[in-house]
Amino acid sequence: MDAILVKGGGPLSGEIPIAGAKNACLTLMPATLLSEEPLTLTNAPRLSDIRTMTQLLQSLGAEITTLQEGRVISMSSHGTINTRAEYDIVRKMRASNLVLGPLLAREGYAEVSLPGGCAIGARPMDIHTDGLAKMGAEIELREGYLYAKAAGGRLKGAVIDFPFASVGATENIMMAATLAKGTTVINNAAREPEIVDLASCLRRMGAQIEGDGTSRITIQGVDRLGAATHPVVADRIELGTYMLAPAICGGEVELLGGRLDLVGAFCEKLDAAGIDVTQTDKGLRVKRRNDRVQAVNVTTEPFPGFPTDLQAQMMALMCTAEGTSVLEERIFENRFMHAPELMRMGAKIEVSGGTATVKGVKRLRGAPVMATDLRASVSLILAGLAAEGDTLVSRVYHLDRGYERVEEKLRACGAQIERVAGE
Ligand code: EPZ
């Protein structure tokens, strides 16, 4: 199993290209099930999660070819579609549950395995299933599978009030509603840029959607959707992660393809911590103002609030800040597993429930540490960049799910980092 070795060191300098968004691509790909016509995605990220989604859709009968080493994904789901998403694939990746809405919309029937446990939280699907039930789906859980059937063979429009602005439930219901009979309104919908990207792709396919990006989305169902080609939006979480590299170890880096509107709340916190972020014609330029950053408090919230997927990386930065910061995780109930690993590197962190208090230290020290989930793994790499000595991060298969060639991108900016054979 691979590991990544980071030799802490000096400032970074250079450019890092930002790839297409994992969390956009994972919801755009199931949209192929909504049409008999081809759907082509460009600017797709090269990640193991995308390969898992490809495997899942192929198991359902979609034809998928990739070009430019996976940068372009061409999909077609004409003809017979298998309506059963097997546990063997779904357990590898939760986002597999995003085929539920499209299958129900297309076939009026679906059998989708529940994903099971996740390191960062329970992550139930009640908001998804309650919404689909409002649209006339009869849903039953049996042997770990959701068996869903659209009454009368076709979903119908409904007004759905979400108790929480769930990203996945918004995506599943929005896709299901495109082919439903009548109008669907989602109140308290999620507003993430990945939702806007999905809506704009569905519109290219002929869907009638309004309000994406706000908390009220209206979808007028149509009888069929057509072909489309759609560029995947830039990955704001990869962007935010690399913005923290020059912040944590000094220097100046330009993130190619970065956009301020994707990372608004995050940039406000960086500014308060002493980090300059400038929009350039190529992307975002990031530079630390002083030798040390200032401690800032952070609370994770749905977009446009501070993203939970950048909380671990922000904690790594706060480990070396001047002063004490308080990080509150409000989205997932178990998302501080990186804290004990950072403490192995000399960080001073106290975790109590959903709150972590971080007392900044002058310097972290390198150590062997273990990745526990995707975002935790990259926070350990960031900490390693600023630490004295060597940091060996094991279980980096977590990392490859969401970051393309992390060591090459950082090495191009002067970091001493390499992939090594682990235990
Ligand atoms: C998406 O997960 C992202 N994944 C996550 O990114 C991200 O952390 C999350 O949104 C929040 O921004 C993908 O897009 C593939 P939610 P999702 O439904 O859709 C609870 C990463 O690192 N909830 O908004 O699963 C749930 O338990 C990953 O790239 C219910 O209670 O997130 C959680 O506490 C990690 N019932 C909260 O809502 C439901 O039916 C947010 O979940 C659905 C969700």
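Ligands are counted one by one from 1 in listed order, and the atoms in each one are counted from 1 as well.
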Ligand 1 polar-atom proximity to protein (N/O, under 3.5 Å):
from     : atom 1 : to     : atom 2 : distance (Å)
ligand 1 : 2 (O)  : Arg123 : NH2    : 3.3
ligand 1 : 6 (O)  : Asn23  : ND2    : 3.3
ligand 1 : 6 (O)  : Asp309 : OD2    : 3.0
ligand 1 : 8 (O)  : Asp309 : OD1    : 2.6
ligand 1 : 8 (O)  : Asp309 : OD2    : 3.4
ligand 1 : 18 (O) : Ser166 : OG     : 2.7
ligand 1 : 19 (O) : Gly168 : N      : 2.8
ligand 1 : 22 (O) : Arg335 : NH2    : 3.3
ligand 1 : 22 (O) : Arg375 : NE     : 2.8
ligand 1 : 24 (O) : Val167 : N      : 2.8
ligand 1 : 25 (O) : Arg123 : NH2    : 2.9
ligand 1 : 29 (O) : Lys22  : NZ     : 3.0
ligand 1 : 29 (O) : Asn23  : ND2    : 3.1
ligand 1 : 29 (O) : Arg375 : NH2    : 2.8
ligand 1 : 34 (O) : Ile331 : O      : 2.6
ligand 1 : 36 (N) : Pro124 : O      : 3.3
ligand 1 : 36 (N) : Asp126 : OD1    : 2.6
ligand 1 : 40 (O) : Pro124 : O      : 3.3
ligand 1 : 40 (O) : Asp126 : N      : 3.1
ligand 1 : 40 (O) : Asp126 : OD1    : 3.2
ligand 1 : 40 (O) : Ile127 : N      : 2.8

(message) Is a donor from one side chain sitting under 3.5 angstrom from an acceptor on the other, for Glu328 and Thr355?
(response)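 Thr355 and Glu328 do not have a side-chain donor-acceptor pair below 3.5 Å.
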
(message) Between Glu63 and Ser76, do the side chains contain a donor N or O and an acceptor N or O under 3.5 Å apart?
(response)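 Glu63 and Ser76 do not have a side-chain donor-acceptor pair below 3.5 Å.
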
(message) Check Glu86 with Arg84, please: is the shortest side-chain N to carboxylate O separation under 4.0 Å?
(response)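 A salt bridge is present here (some side-chain N lies under 4.0 Å from a carboxylate O).
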
(message) Tell me whether the count of non-hydrogen atoms from other residues, nucleotides or ligands lying under 6.0 Å of CZ in Arg411 goes above 12.
(response)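 More than 12 within 6.0 Å, yes.
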
(request) Please list, chain by chain and in numerical order, all residues satisfying side chain to side chain contact (heavy atoms under 4.5 Å, CB included) with Tyr87, sequence neighbours excluded. (result)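 With sequence neighbours excluded, Tyr87 shows a side chain to side chain contact (heavy atoms under 4.5 Å, CB included) to Arg91, Ser113, Tyr145, given in chain and number order.
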
(message) Distance check, rounded to the nearest 0.5 Å: Met93 atom CE versus Leu26 atom CG?
(response)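 Between Met93 CE and Leu26 CG, I get 5.0 Å after rounding to 0.5 Å.
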
